[in-house]
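Presented below is the structure to which this report refers.
Each chain gets a letter, A, B and so on, in the order its sequence line appears, and its residues count up from 1.
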There are 2 protein chains.
Amino acid sequence: MATPNLDVFQVIADPSRRQILQLLTKDSYNINSISENFEMSRPAISKHIKILQTAGFVSIQVIGKEHYCMLNQEGFSKIRNWINHFDKFWNNKLKNLETVLKNKAKS
Amino acid sequence: MATPNLDVFQVIADPSRRQILQLLTKDSYNINSISENFEMSRPAISKHIKILQTAGFVSIQVIGKEHYCMLNQEGFSKIRNWINHFDKFWNNKLKNLETVLKNKAKS
DNA sequence: ATATTGCGTAACTTTGAAGTTACAAATGTA
DNA sequence: TACATTTGTAACTTCAAAGTTACGCAATAT
């Protein structure tokens, strides 16, 4: 379970981290093979993964000396909740508009 | 129309900006009345609004000397698209699992 | 005409995030 | 045992974002 002390929005704000998440939609990768896909040092990737894991976007399976990374729904759902909240706002606005129009039609 | 040179994820990464968006679900406010809701200087709020507007989260209506801010769907939809993309990933994963299970049942 | 109000922006300071290199620990292999 | 591989982390540098104050401009009010 991820200990979400990190701000999920802050976590996905970094373009490199979003690219890592994008990569992980294709397959599971260990730290080294992830860093082969980026022009960045391995320690940098390692830190990003740590952050993504702590925030609940990635989970890690250790096999021998290799740490395989895969996507974790937990972090994404927090972002989705936030978006849903504002979607409700727009829906309510639309509903109110409809009500106004209906009342106008009656009179 | 917003000129989205800004990274929408970077824009919503700031907690103050998210609080501003939250406030704007209640009503429209001008810059001064927004800053009354925060322990921050008015210029700071002004900058945040500028950023939110440029990224398409907020639109502004100038009435006299007052600048009224209201929510704009444009920015939010980009975030939703990103989330939807990963939702597809999970759905595909689920579908594949179902297929595997069905094939196992047949044999 | 003058003062006030609402806002934007320039100039500056501070702080933290993101990257680097160097080193250490743990696992697997010859 | 000795060596290579995979990873984590400490120490450091760099840079940009977020805040401040000070100032100027435009619209409104007196």
Given atom [atom1] of [X] and atom [atom2] of [N], what is their separation to the nearest angstrom?
{"X": "L6(A)", "N": "dA18(C)", "atom1": "CG", "atom2": "P", "value": "10 Å"}
{"X": "I31(A)", "N": "dG8(D)", "atom1": "CD1", "atom2": "C1'", "value": "9 Å"}
{"X": "F38(A)", "N": "dA18(C)", "atom1": "CZ", "atom2": "C1'", "value": "14 Å"}
{"X": "L52(B)", "N": "dA18(D)", "atom1": "CG", "atom2": "P", "value": "10 Å"}
{"X": "I63(B)", "N": "dT5(C)", "atom1": "CD1", "atom2": "C1'", "value": "16 Å"}
{"X": "Y68(A)", "N": "dT5(D)", "atom1": "OH", "atom2": "C1'", "value": "12 Å"}
{"X": "E66(A)", "N": "dT6(D)", "atom1": "CD", "atom2": "P", "value": "6 Å"}
{"X": "Q19(A)", "N": "dA18(C)", "atom1": "CD", "atom2": "C1'", "value": "15 Å"}

Under 4.0 Å from OP1 or OP2 of [N]: is there any side-chain N or O of [X] that close?
{"X": "H67(A)", "N": "dT6(D)", "result": "no"}
{"X": "S46(B)", "N": "dG8(C)", "result": "yes"}
{"X": "N32(A)", "N": "dT7(D)", "result": "yes"}
{"X": "N30(A)", "N": "dT7(D)", "result": "yes"}

- Query: Got L24(B) and F57(B) here, is their nearest side-chain heavy-atom distance under 4.5 Å?
  - Reply: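 A side-chain contact under 4.5 Å is absent here.
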
Give every pair of a protein N or O atom and an N or O atom of nucleotides 19-26 of chain C that lie under 3.5 Å apart, one pair per line with the distance.
from    : atom 1 : to     : atom 2 : distance (Å)
dG19(C) : OP2    : H48(A) : NE2    : 2.2
dG19(C) : O6     : K47(A) : NZ     : 3.1
dT20(C) : OP1    : S41(A) : N      : 3.3
dT20(C) : OP2    : S41(A) : N      : 2.9
dT20(C) : OP2    : S41(A) : OG     : 2.4
dT20(C) : O4     : K47(A) : NZ     : 2.8

Note: I83(A) and F76(B) closest approach over all heavy atoms is CD1-O, 3.6 Å

Pairs where residues 34-49 of chain B contributes a residue and the test side chain to side chain donor-acceptor pair (under 3.5 Å) is met, not counting sequence neighbours
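Found R17(B)-H48(B).
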
By nearest-heavy-atom nucleotide on DNA chain D, the more 5' of Q10(B) and S33(A) is S33(A)

With the side chain defined as heavy atoms from C-beta on, I51(B) is closest, among dA17(D), dA18(D), dT6(D), to dA18(D)

Side chain to side chain contact (heavy atoms under 4.5 Å, CB included) with C69(A): of I34(A), I45(A), L52(A), D27(A), only one passes, and it is I34(A)

(request) Flag the pair F86(B) / W82(B) as yes when their ring centroid distance falls below 6.0 Å, and as no otherwise. (result) yes

The single option from H67(A), E66(A), Q61(A) that satisfies side chain to side chain donor-acceptor pair (under 3.5 Å) with N30(A) is E66(A)

Q. Do T99(A) and N96(A) meet the criterion of a side-chain donor-acceptor pair at a distance under 3.5 Å?
A.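 Short answer, no.
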
